[in-house]
Amino acid sequence: QAEDGIRDVERSRGLGDVYKRQVTDPVNDSRLTEGKVVVAGVAHALSGIDRVEISIDNGNTWETAEFDPRNIGKTHWSYTFDELYAGNYTILVRVVDVDGNVQDPATETRISIKADEPTRVGTLEWDETWSGTVQLYGDVTVPEGVTLTILPGTHVKFPANLDTSYSGENVKSSEFIVKGTLICKGTEAEPILFTSDAGENAKKGDWVGIKAEGTLRLENTTVEYSRYGIQFVGEQDSDKLTVLDSTIRHTAGDAISAYVSNNARVEITLEGNTISDNDGKGISCRAHGGSSFLTLVISGSQVSDNGSCGVYCTADGSSSAKLKASILNNTIHGHPDQGIYIYTTGGAITDVTAQGNEIYQSGTLFYANYNSASSASQLSVLNNDLHDGTYGIRIYDYNTTVSPTISSNVVHNNSNSGVSFEYSGYSSYHLTPEFTSNQVTSNQQYGLYLSLNQAISFSNNGLYSNGLYDLYN
(Lines give C-alpha, C1' and ligand atoms only; values in the text may rest on other atoms or scores of the structure.)
Protein backbone atom coordinates (compact mmCIF):
# COMPACT_ATOMS: atom_id res chain seq x y z
CA GLN A 1 0.00 0.00 0.00
CA ALA A 2 2.76 2.46 0.92
CA GLU A 3 4.54 1.87 -2.37
CA ASP A 4 1.39 2.52 -4.37
CA GLY A 5 -0.08 5.23 -2.19
CA ILE A 6 2.77 7.66 -1.56
CA ARG A 7 4.20 9.55 -4.52
CA ASP A 8 6.21 12.70 -4.75
CA VAL A 9 5.24 15.37 -7.24
CA GLU A 10 7.93 14.30 -9.68
CA ARG A 11 6.36 10.83 -10.00
CA SER A 12 2.98 12.32 -10.73
CA ARG A 13 4.58 14.01 -13.76
CA GLY A 14 6.13 10.78 -14.93
CA LEU A 15 9.69 11.81 -13.98
CA GLY A 16 10.82 8.70 -12.15
CA ASP A 17 11.20 7.09 -8.77
CA VAL A 18 8.78 8.18 -6.03
CA TYR A 19 11.31 9.32 -3.49
CA LYS A 20 14.09 10.94 -5.47
CA ARG A 21 13.01 14.58 -5.48
CA GLN A 22 11.54 14.94 -1.99
CA VAL A 23 13.91 17.71 -0.72
CA THR A 24 14.32 20.76 -2.94
CA ASP A 25 16.33 22.97 -0.57
CA PRO A 26 19.11 22.60 0.44
CA VAL A 27 20.43 20.47 -2.42
CA ASN A 28 22.54 17.43 -1.69
CA ASP A 29 26.12 18.11 -0.47
CA SER A 30 25.40 21.77 0.29
CA ARG A 31 27.78 23.69 2.57
CA LEU A 32 25.97 26.07 4.90
CA THR A 33 26.91 28.38 7.75
CA GLU A 34 26.09 27.83 11.40
CA GLY A 35 22.70 29.01 12.67
CA LYS A 36 19.18 28.71 11.31
CA VAL A 37 18.67 26.16 8.54
CA VAL A 38 15.38 25.80 6.64
CA VAL A 39 14.72 22.51 4.85
CA ALA A 40 11.96 22.49 2.21
CA GLY A 41 10.55 20.15 -0.37
CA VAL A 42 7.51 18.78 -2.21
CA ALA A 43 5.41 15.74 -1.30
CA HIS A 44 2.49 13.90 -2.94
CA ALA A 45 0.30 11.07 -1.57
CA LEU A 46 -2.54 9.68 -3.67
CA SER A 47 -4.75 9.03 -0.65
CA GLY A 48 -3.74 12.29 1.05
CA ILE A 49 -0.86 13.49 3.24
CA ASP A 50 -1.18 13.16 6.99
CA ARG A 51 2.25 14.56 7.80
CA VAL A 52 5.86 15.03 6.59
CA GLU A 53 8.54 13.98 9.08
CA ILE A 54 12.21 14.97 9.26
CA SER A 55 15.17 13.56 11.20
CA ILE A 56 18.86 14.42 11.55
CA ASP A 57 19.81 11.67 14.05
CA ASN A 58 19.57 8.66 11.72
CA GLY A 59 15.84 8.22 12.36
CA ASN A 60 16.01 7.91 16.13
CA THR A 61 13.70 10.88 16.50
CA TRP A 62 11.35 12.54 14.00
CA GLU A 63 10.01 16.09 13.83
CA THR A 64 6.91 17.16 11.91
CA ALA A 65 7.31 19.63 9.06
CA GLU A 66 4.82 22.37 8.25
CA PHE A 67 2.56 22.21 5.20
CA ASP A 68 -0.75 23.63 4.05
CA PRO A 69 -3.43 21.10 5.20
CA ARG A 70 -5.79 22.31 2.46
CA ASN A 71 -3.48 20.65 -0.06
CA ILE A 72 -3.51 17.15 1.34
CA GLY A 73 -2.77 15.33 -1.94
CA LYS A 74 0.35 17.23 -2.90
CA THR A 75 2.00 20.11 -1.13
CA HIS A 76 5.10 22.12 -0.40
CA TRP A 77 6.48 21.59 3.07
CA SER A 78 9.23 23.09 5.24
CA TYR A 79 10.96 22.62 8.57
CA THR A 80 13.21 25.10 10.41
CA PHE A 81 16.16 24.07 12.55
CA ASP A 82 16.73 27.07 14.83
CA GLU A 83 20.41 26.25 15.30
CA LEU A 84 22.74 23.78 13.57
CA TYR A 85 26.39 23.81 14.53
CA ALA A 86 29.51 22.83 12.61
CA GLY A 87 29.49 19.26 11.37
CA ASN A 88 28.18 16.89 8.72
CA TYR A 89 24.49 15.98 8.69
CA THR A 90 22.26 13.54 6.83
CA ILE A 91 18.67 14.82 6.64
CA LEU A 92 16.05 12.07 6.42
CA VAL A 93 12.57 12.99 5.16
CA ARG A 94 9.53 10.72 4.92
CA VAL A 95 5.82 11.09 4.17
CA VAL A 96 3.00 9.45 6.18
CA ASP A 97 -0.34 9.26 4.33
CA VAL A 98 -3.81 9.44 5.81
CA ASP A 99 -4.02 5.64 5.85
CA GLY A 100 -0.95 5.44 8.06
CA ASN A 101 1.43 4.21 5.37
CA VAL A 102 5.00 5.38 6.00
CA GLN A 103 7.50 6.07 3.23
CA ASP A 104 10.35 3.59 3.47
CA PRO A 105 13.16 4.24 2.81
CA ALA A 106 13.18 7.91 3.67
CA THR A 107 14.77 10.45 1.31
CA GLU A 108 18.38 11.34 2.25
CA THR A 109 20.06 14.71 1.79
CA ARG A 110 23.62 15.37 2.99
CA ILE A 111 24.74 18.82 4.17
CA SER A 112 27.82 20.29 5.88
CA ILE A 113 27.68 23.15 8.36
CA LYS A 114 30.85 25.23 8.54
CA ALA A 115 31.90 27.10 11.63
CA ASP A 116 32.02 30.88 11.74
CA GLU A 117 35.31 30.57 13.62
CA PRO A 118 38.50 30.12 11.56
CA THR A 119 40.39 26.85 11.64
CA ARG A 120 43.04 27.56 14.26
CA VAL A 121 44.82 24.22 13.98
CA GLY A 122 44.45 21.36 11.53
CA THR A 123 43.02 21.23 8.00
CA LEU A 124 40.32 23.48 6.57
CA GLU A 125 37.31 21.43 5.48
CA TRP A 126 35.86 24.08 3.17
CA ASP A 127 36.43 27.64 1.98
CA GLU A 128 37.01 30.12 4.78
CA THR A 129 37.32 33.90 5.08
CA TRP A 130 39.41 35.34 7.91
CA SER A 131 39.30 38.80 9.43
CA GLY A 132 40.29 40.58 12.63
CA THR A 133 42.89 38.85 14.79
CA VAL A 134 43.29 35.11 14.23
CA GLN A 135 45.33 33.31 16.90
CA LEU A 136 46.53 29.94 15.65
CA TYR A 137 47.49 27.02 17.89
CA GLY A 138 49.54 24.86 15.53
CA ASP A 139 49.90 23.73 11.92
CA VAL A 140 47.14 24.92 9.58
CA THR A 141 46.65 23.38 6.13
CA VAL A 142 44.62 24.73 3.23
CA PRO A 143 44.03 21.51 1.23
CA GLU A 144 43.66 21.13 -2.50
CA GLY A 145 40.31 22.42 -3.74
CA VAL A 146 39.83 24.79 -0.77
CA THR A 147 40.30 28.59 -0.79
CA LEU A 148 41.27 30.69 2.22
CA THR A 149 40.63 34.41 1.78
CA ILE A 150 42.15 36.83 4.29
CA LEU A 151 40.60 40.28 4.43
CA PRO A 152 42.33 43.68 4.87
CA GLY A 153 43.68 44.44 8.33
CA THR A 154 43.75 40.80 9.49
CA HIS A 155 46.52 39.77 11.90
CA VAL A 156 47.37 36.06 11.85
CA LYS A 157 49.41 35.13 14.93
CA PHE A 158 51.43 31.95 15.30
CA PRO A 159 52.37 30.51 18.70
CA ALA A 160 56.08 31.03 19.34
CA ASN A 161 57.93 27.70 19.25
CA LEU A 162 54.75 25.67 19.76
CA ASP A 163 52.68 23.30 17.63
CA THR A 164 49.74 21.76 19.47
CA SER A 165 49.11 19.44 16.51
CA TYR A 166 52.59 17.99 16.98
CA SER A 167 52.78 17.33 13.22
CA GLY A 168 54.45 18.52 10.04
CA GLU A 169 58.14 18.89 9.28
CA ASN A 170 58.74 20.51 12.67
CA VAL A 171 56.67 19.17 15.56
CA LYS A 172 57.73 22.01 17.84
CA SER A 173 56.89 24.94 15.61
CA SER A 174 53.76 25.91 13.66
CA GLU A 175 53.55 25.76 9.87
CA PHE A 176 51.14 27.36 7.42
CA ILE A 177 50.68 24.94 4.52
CA VAL A 178 48.85 25.83 1.31
CA LYS A 179 47.95 23.07 -1.15
CA GLY A 180 44.82 24.81 -2.41
CA THR A 181 44.47 28.59 -2.75
CA LEU A 182 45.47 31.42 -0.40
CA ILE A 183 44.34 34.95 -1.22
CA CYS A 184 45.52 37.79 1.05
CA LYS A 185 43.68 40.98 0.14
CA GLY A 186 45.52 43.59 2.16
CA THR A 187 45.48 47.28 1.30
CA GLU A 188 47.99 50.06 1.89
CA ALA A 189 45.79 51.42 4.69
CA GLU A 190 44.96 47.99 6.13
CA PRO A 191 47.79 45.53 5.50
CA ILE A 192 47.65 41.87 6.53
CA LEU A 193 50.18 40.55 9.05
CA PHE A 194 51.57 37.03 9.58
CA THR A 195 53.64 37.15 12.77
CA SER A 196 54.66 35.54 16.04
CA ASP A 197 52.39 35.96 19.04
CA ALA A 198 55.41 36.81 21.21
CA GLY A 199 54.94 40.54 20.65
CA GLU A 200 57.99 42.58 21.65
CA ASN A 201 59.83 39.34 22.45
CA ALA A 202 59.37 37.88 18.95
CA LYS A 203 62.45 36.32 17.38
CA LYS A 204 63.40 35.02 13.98
CA GLY A 205 62.20 31.41 13.66
CA ASP A 206 59.32 31.61 16.14
CA TRP A 207 57.16 29.80 13.54
CA VAL A 208 58.07 27.89 10.40
CA GLY A 209 56.64 30.00 7.56
CA ILE A 210 54.23 29.78 4.61
CA LYS A 211 54.76 26.59 2.61
CA ALA A 212 52.76 26.61 -0.62
CA GLU A 213 52.32 24.32 -3.59
CA GLY A 214 49.04 25.56 -5.04
CA THR A 215 48.00 29.14 -5.76
CA LEU A 216 49.27 31.91 -3.52
CA ARG A 217 48.48 35.61 -3.90
CA LEU A 218 49.64 38.15 -1.33
CA GLU A 219 48.89 41.86 -1.57
CA ASN A 220 49.98 44.39 1.07
CA THR A 221 50.93 41.56 3.42
CA THR A 222 53.77 41.34 5.93
CA VAL A 223 55.40 38.03 6.90
CA GLU A 224 57.85 38.18 9.81
CA TYR A 225 59.65 36.27 12.58
CA SER A 226 59.41 32.90 10.83
CA ARG A 227 62.07 30.35 9.88
CA TYR A 228 61.51 31.31 6.24
CA GLY A 229 59.03 33.66 4.63
CA ILE A 230 57.43 31.88 1.68
CA GLN A 231 58.58 28.49 0.43
CA PHE A 232 56.82 27.76 -2.85
CA VAL A 233 56.90 24.53 -4.87
CA GLY A 234 55.36 24.48 -8.35
CA GLU A 235 54.68 21.03 -9.77
CA GLN A 236 51.53 21.72 -11.81
CA ASP A 237 50.81 24.27 -14.54
CA SER A 238 48.02 25.69 -12.38
CA ASP A 239 50.41 26.53 -9.51
CA LYS A 240 51.11 30.26 -9.25
CA LEU A 241 52.83 32.65 -6.86
CA THR A 242 52.04 36.37 -6.82
CA VAL A 243 53.39 38.74 -4.15
CA LEU A 244 52.57 42.43 -4.54
CA ASP A 245 53.42 45.44 -2.35
CA SER A 246 54.29 43.15 0.54
CA THR A 247 57.04 42.91 3.16
CA ILE A 248 59.03 39.81 4.09
CA ARG A 249 61.39 40.52 6.97
CA HIS A 250 63.15 39.22 10.10
CA THR A 251 63.22 35.55 9.10
CA ALA A 252 65.90 32.96 9.86
CA GLY A 253 66.18 31.80 6.21
CA ASP A 254 65.21 32.81 2.69
CA ALA A 255 62.50 35.45 2.40
CA ILE A 256 60.98 33.93 -0.77
CA SER A 257 62.13 30.66 -2.30
CA ALA A 258 60.55 28.94 -5.29
CA TYR A 259 61.25 25.53 -6.81
CA VAL A 260 59.62 24.47 -10.08
CA SER A 261 59.87 20.85 -11.26
CA ASN A 262 57.83 17.94 -12.64
CA ASN A 263 57.69 19.51 -16.16
CA ALA A 264 55.42 22.26 -14.85
CA ARG A 265 55.11 25.69 -16.47
CA VAL A 266 54.74 28.13 -13.58
CA GLU A 267 54.51 31.92 -13.32
CA ILE A 268 55.88 33.90 -10.39
CA THR A 269 55.32 37.64 -10.06
CA LEU A 270 57.02 39.66 -7.32
CA GLU A 271 56.32 43.38 -7.61
CA GLY A 272 56.69 46.35 -5.29
CA ASN A 273 57.92 44.34 -2.32
CA THR A 274 60.26 45.11 0.58
CA ILE A 275 62.52 42.20 1.48
CA SER A 276 64.99 42.83 4.28
CA ASP A 277 66.81 41.37 7.28
CA ASN A 278 66.42 37.73 6.36
CA ASP A 279 69.29 35.42 7.32
CA GLY A 280 69.29 33.57 3.99
CA LYS A 281 68.70 34.86 0.48
CA GLY A 282 66.23 37.60 -0.31
CA ILE A 283 64.69 35.83 -3.34
CA SER A 284 65.71 32.37 -4.55
CA CYS A 285 64.13 30.74 -7.63
CA ARG A 286 64.98 27.47 -9.35
CA ALA A 287 63.74 25.59 -12.42
CA HIS A 288 64.82 21.96 -12.19
CA GLY A 289 64.71 18.99 -14.51
CA GLY A 290 62.56 17.76 -17.37
CA SER A 291 60.85 20.52 -19.30
CA SER A 292 60.13 22.60 -16.18
CA PHE A 293 59.69 26.26 -17.14
CA LEU A 294 59.68 29.09 -14.62
CA THR A 295 58.64 32.56 -15.78
CA LEU A 296 59.73 35.09 -13.17
CA VAL A 297 59.16 38.82 -12.82
CA ILE A 298 60.84 40.80 -10.02
CA SER A 299 60.16 44.50 -10.30
CA GLY A 300 59.97 47.71 -8.31
CA SER A 301 61.18 46.05 -5.11
CA GLN A 302 63.58 46.90 -2.29
CA VAL A 303 65.83 43.93 -1.47
CA SER A 304 68.30 44.76 1.28
CA ASP A 305 70.47 43.48 4.11
CA ASN A 306 69.80 39.77 3.72
CA GLY A 307 72.24 37.13 4.88
CA SER A 308 73.84 35.97 1.64
CA CYS A 309 72.43 37.01 -1.75
CA GLY A 310 69.76 39.50 -2.78
CA VAL A 311 68.31 37.67 -5.82
CA TYR A 312 69.37 34.15 -6.84
CA CYS A 313 68.09 32.47 -10.02
CA THR A 314 69.13 29.06 -11.27
CA ALA A 315 68.17 26.41 -13.83
CA ASP A 316 69.57 22.89 -13.80
CA GLY A 317 68.87 19.20 -14.20
CA SER A 318 68.16 18.84 -17.94
CA SER A 319 68.64 20.48 -21.32
CA SER A 320 64.94 21.47 -21.38
CA ALA A 321 64.66 23.06 -17.94
CA LYS A 322 64.33 26.82 -18.36
CA LEU A 323 64.14 29.93 -16.22
CA LYS A 324 63.04 33.15 -17.92
CA ALA A 325 63.49 36.13 -15.59
CA SER A 326 62.82 39.84 -15.88
CA ILE A 327 64.52 41.73 -13.03
CA LEU A 328 63.45 45.31 -13.47
CA ASN A 329 63.77 48.62 -11.59
CA ASN A 330 64.71 47.20 -8.20
CA THR A 331 66.99 48.56 -5.48
CA ILE A 332 69.26 45.82 -4.15
CA HIS A 333 71.94 46.39 -1.51
CA GLY A 334 73.63 45.16 1.64
CA HIS A 335 74.43 41.53 0.73
CA PRO A 336 77.79 39.90 1.59
CA ASP A 337 77.82 37.51 -1.40
CA GLN A 338 75.98 38.84 -4.47
CA GLY A 339 73.36 41.40 -5.30
CA ILE A 340 72.02 39.31 -8.22
CA TYR A 341 73.37 35.82 -8.95
CA ILE A 342 72.38 33.84 -12.08
CA TYR A 343 73.61 30.23 -12.15
CA THR A 344 72.99 27.96 -15.13
CA THR A 345 74.24 24.37 -15.21
CA GLY A 346 73.50 20.80 -16.28
CA GLY A 347 72.54 21.75 -19.84
CA ALA A 348 69.67 23.96 -18.68
CA ILE A 349 68.60 27.34 -20.06
CA THR A 350 68.31 30.77 -18.50
CA ASP A 351 66.98 33.82 -20.30
CA VAL A 352 67.51 36.81 -18.03
CA THR A 353 66.98 40.53 -18.47
CA ALA A 354 68.26 42.76 -15.66
CA GLN A 355 67.34 46.35 -16.42
CA GLY A 356 67.02 49.63 -14.53
CA ASN A 357 68.26 48.29 -11.20
CA GLU A 358 70.44 50.04 -8.64
CA ILE A 359 72.72 47.49 -6.97
CA TYR A 360 75.27 48.52 -4.37
CA GLN A 361 77.12 47.72 -1.16
CA SER A 362 77.26 43.98 -1.78
CA GLY A 363 79.92 41.44 -2.75
CA THR A 364 79.68 40.93 -6.50
CA LEU A 365 76.84 43.19 -7.56
CA PHE A 366 75.80 41.18 -10.63
CA TYR A 367 77.21 37.68 -11.18
CA ALA A 368 76.30 35.25 -13.98
CA ASN A 369 77.89 31.80 -13.88
CA TYR A 370 77.47 29.34 -16.78
CA ASN A 371 78.66 25.79 -16.08
CA SER A 372 78.05 23.44 -19.03
CA ALA A 373 74.81 25.27 -19.74
CA SER A 374 72.71 25.35 -22.88
CA SER A 375 73.86 27.63 -25.70
CA ALA A 376 70.22 28.77 -25.90
CA SER A 377 70.83 30.79 -22.72
CA GLN A 378 70.55 34.56 -23.06
CA LEU A 379 71.52 37.47 -20.85
CA SER A 380 70.84 41.21 -21.12
CA VAL A 381 72.20 43.59 -18.49
CA LEU A 382 70.89 47.04 -19.36
CA ASN A 383 70.77 50.51 -17.81
CA ASN A 384 71.79 49.46 -14.30
CA ASP A 385 73.70 51.50 -11.72
CA LEU A 386 76.22 49.25 -9.94
CA HIS A 387 78.49 50.74 -7.31
CA ASP A 388 80.34 50.20 -4.03
CA GLY A 389 80.61 46.44 -4.27
CA THR A 390 83.54 44.07 -4.86
CA TYR A 391 82.90 43.42 -8.56
CA GLY A 392 80.34 45.44 -10.49
CA ILE A 393 79.49 42.89 -13.21
CA ARG A 394 81.18 39.50 -13.34
CA ILE A 395 80.40 36.82 -15.93
CA TYR A 396 82.13 33.48 -15.62
CA ASP A 397 81.75 30.77 -18.27
CA TYR A 398 82.82 27.13 -18.22
CA ASN A 399 82.15 25.04 -21.34
CA THR A 400 79.19 27.07 -22.55
CA THR A 401 78.72 29.17 -25.66
CA VAL A 402 76.91 32.33 -24.67
CA SER A 403 76.80 35.94 -25.91
CA PRO A 404 75.55 38.28 -23.19
CA THR A 405 74.56 41.86 -23.96
CA ILE A 406 75.95 44.39 -21.48
CA SER A 407 74.77 47.85 -22.42
CA SER A 408 74.24 51.36 -21.01
CA ASN A 409 75.27 50.51 -17.44
CA VAL A 410 77.12 52.76 -15.01
CA VAL A 411 79.67 50.74 -13.02
CA HIS A 412 81.70 52.67 -10.48
CA ASN A 413 83.50 52.71 -7.13
CA ASN A 414 83.92 48.97 -6.72
CA SER A 415 86.87 47.52 -4.77
CA ASN A 416 87.93 45.05 -7.49
CA SER A 417 87.04 45.20 -11.19
CA GLY A 418 84.17 47.16 -12.61
CA VAL A 419 83.37 44.50 -15.23
CA SER A 420 84.98 41.07 -15.62
CA PHE A 421 84.46 38.48 -18.39
CA GLU A 422 86.17 35.12 -17.74
CA TYR A 423 86.13 31.91 -19.77
CA SER A 424 87.48 28.51 -18.78
CA GLY A 425 87.06 25.21 -20.59
CA TYR A 426 87.31 23.63 -24.02
CA SER A 427 88.17 25.83 -26.99
CA SER A 428 85.02 24.72 -28.81
CA TYR A 429 82.91 26.88 -26.47
CA HIS A 430 82.97 30.68 -26.41
CA LEU A 431 82.02 33.60 -24.23
CA THR A 432 81.48 36.51 -26.65
CA PRO A 433 79.98 39.53 -24.90
CA GLU A 434 78.48 42.52 -26.64
CA PHE A 435 79.71 45.44 -24.55
CA THR A 436 78.29 48.80 -25.61
CA SER A 437 77.61 52.30 -24.22
CA ASN A 438 78.72 51.56 -20.65
CA GLN A 439 80.43 53.94 -18.24
CA VAL A 440 83.03 52.18 -16.09
CA THR A 441 84.92 54.43 -13.72
CA SER A 442 86.64 54.77 -10.35
CA ASN A 443 86.96 51.05 -9.65
CA GLN A 444 90.01 50.21 -7.51
CA GLN A 445 91.45 47.42 -9.70
CA TYR A 446 90.44 47.11 -13.36
CA GLY A 447 87.78 48.92 -15.31
CA LEU A 448 87.21 46.03 -17.75
CA TYR A 449 88.96 42.69 -17.16
CA LEU A 450 89.02 40.17 -20.03
CA SER A 451 90.10 36.53 -19.98
CA LEU A 452 88.49 35.10 -23.12
CA ASN A 453 89.19 32.79 -26.04
CA GLN A 454 87.24 34.90 -28.54
CA ALA A 455 87.00 38.58 -29.43
CA ILE A 456 84.58 40.86 -27.61
CA SER A 457 82.17 43.23 -29.37
CA PHE A 458 83.11 46.61 -27.91
CA SER A 459 81.78 50.07 -28.78
CA ASN A 460 80.92 53.50 -27.33
CA ASN A 461 82.10 52.75 -23.80
CA GLY A 462 83.73 55.11 -21.34
CA LEU A 463 86.52 53.49 -19.29
CA TYR A 464 88.40 55.95 -17.10
CA SER A 465 89.86 56.69 -13.65
CA ASN A 466 90.14 53.04 -12.66
CA GLY A 467 92.90 52.04 -10.18
CA LEU A 468 95.22 49.71 -12.18
CA TYR A 469 94.07 49.53 -15.78
CA ASP A 470 90.97 50.80 -17.51
CA LEU A 471 91.17 47.76 -19.81
CA TYR A 472 93.08 44.59 -19.00
CA ASN A 473 93.25 41.71 -21.49
Side-chain angles (χ1 to χ4, degrees), residues 1-130 137 140-141 143 145-148 164-165:
Q1 289 292 328
E3 247 182 80
D4 294 333
I6 301 176
R7 300 282 194 273
D8 67 12
V9 70
E10 306 300 336
R11 177 72 175 200
S12 69
R13 293 173 180 168
L15 296 180
D17 188 88
V18 286
Y19 302 124
K20 280 188 176 178
R21 303 292 175 88
Q22 199 78 41
V23 177
T24 59
D25 186 40
V27 298
N28 202 39
D29 293 325
S30 291
R31 292 181 176 182
L32 309 174
T33 57
E34 287 185 322
K36 181 188 293 186
V37 175
V38 178
V39 181
V42 179
H44 183 205
L46 294 181
S47 59
I49 298 171
D50 179 66
R51 61 188 183 275
V52 177
E53 294 182 330
I54 188 167
S55 174
I56 57 170
D57 60 1
N58 201 33
N60 291 321
T61 60
W62 295 88
E63 304 294 336
T64 302
E66 295 182 356
F67 69 96
D68 189 341
R70 294 173 298 177
N71 302 318
I72 62 171
K74 58 181 179 180
T75 187
H76 292 274
W77 57 266
S78 67
Y79 183 83
T80 300
F81 293 96
D82 292 329
E83 193 74 41
L84 286 185
Y85 296 101
N88 299 315
Y89 296 85
T90 298
I91 300 172
L92 301 179
V93 177
R94 67 186 184 186
V95 176
V96 181
D97 72 4
V98 295
D99 297 323
N101 299 305
V102 179
Q103 176 185 332
D104 186 23
T107 301
E108 294 187 7
T109 301
R110 297 179 303 275
I111 63 170
S112 297
I113 305 297
K114 65 178 183 178
D116 291 334
E117 286 293 310
T119 299
R120 299 180 186 274
V121 62
T123 301
L124 279 68
E125 295 186 7
W126 39 64
D127 296 349
E128 292 188 18
T129 299
W130 292 3
Y137 304 133
V140 170
T141 299
V146 172
T147 297
L148 171 60
T164 62
S165 70

Considering all heavy atoms, the nearest Val38-Ser78 contact: CG1-CB, 4.5 Å
Which atom of Ser47 lies closest to which atom of Val98, heavy atoms considered: O-CG2, 2.8 Å
Mind checking the CG-OG1 spacing from Leu148 to Thr141? Nearest 0.5 Å is all I need. 11.5 Å
Trace of the side-chain hydrogen bond (donor to acceptor under 3.5 Å, both in side chains) decision for Glu128 with Thr119: CA-CA 8 Å; Glu128 292 188 18; Thr119 299; 2.4 Å; yes
Suppose we screen for ring-ring contact (aromatic ring centres under 6.0 Å, His included). Which residues come up paired with Tyr79, at least two apart in sequence or across chains? Phe81
Where Ile111 and Val27 come nearest, the two heavy atoms and their spacing: CG2-O, 4.4 Å
May I ask you to check whether Thr75 and Asp68 show a side-chain donor-acceptor distance below 3.5 Å? no
Please name all residues satisfying salt bridge (Lys or Arg N to Asp or Glu O under 4.0 Å) with Asp57, sequence neighbours left out, ordered by chain then number. none
Specify the closest pair of heavy atoms between Pro26 and Thr109, including all atoms of both residues, with the distance to one decimal. O-CG2, 3.6 Å
Determine whether a donor-acceptor pair (N or O, by modelled atom type, separation under 3.5 Å) exists between the side chain of Asn88 and the backbone of Ser112. no
Phe67 and Asp50 have their tightest heavy-atom pair at CZ-O, 3.6 Å
Criterion side chain to side chain contact (heavy atoms under 4.5 Å, CB included) on Val93 and Trp77, from CA distance to verdict: CA-CA 11 Å; Val93 177; Trp77 57 266; 3.6 Å; yes
With Asp25 via side-chain contact (heavy atoms from CB on, under 4.5 Å) - residues at least two apart: none
Who pairs with Ser30 by side-chain hydrogen bond (donor to acceptor under 3.5 Å, both in side chains), at least two apart in sequence or on another chain? none
Determine whether a donor-acceptor pair (N or O, by modelled atom type, separation under 3.5 Å) exists between the side chain of Asp97 and the backbone of Asp99. yes
Once you round to the nearest 0.5 Å, how far does CD1 of Ile54 lie from OG1 of Thr64? 10.5 Å
Could you tell me which non-hydrogen atom of Arg94 sits nearest to which non-hydrogen atom of Gln103, and how far apart they are? CA-OE1, 3.8 Å
Can you confirm whether more than 12 heavy atoms, excluding those of Asn60, are under 6.0 Å from its CG atom? yes
Holding to side-chain hydrogen bond (donor to acceptor under 3.5 Å, both in side chains), I want the full list of residues that pass it with Trp62, two or more places apart in sequence or in another chain. none
State which residues pass side-chain contact (heavy atoms from CB on, under 4.5 Å) with Glu108; sequence neighbours excluded, sorted by chain then number. Thr90, Leu92
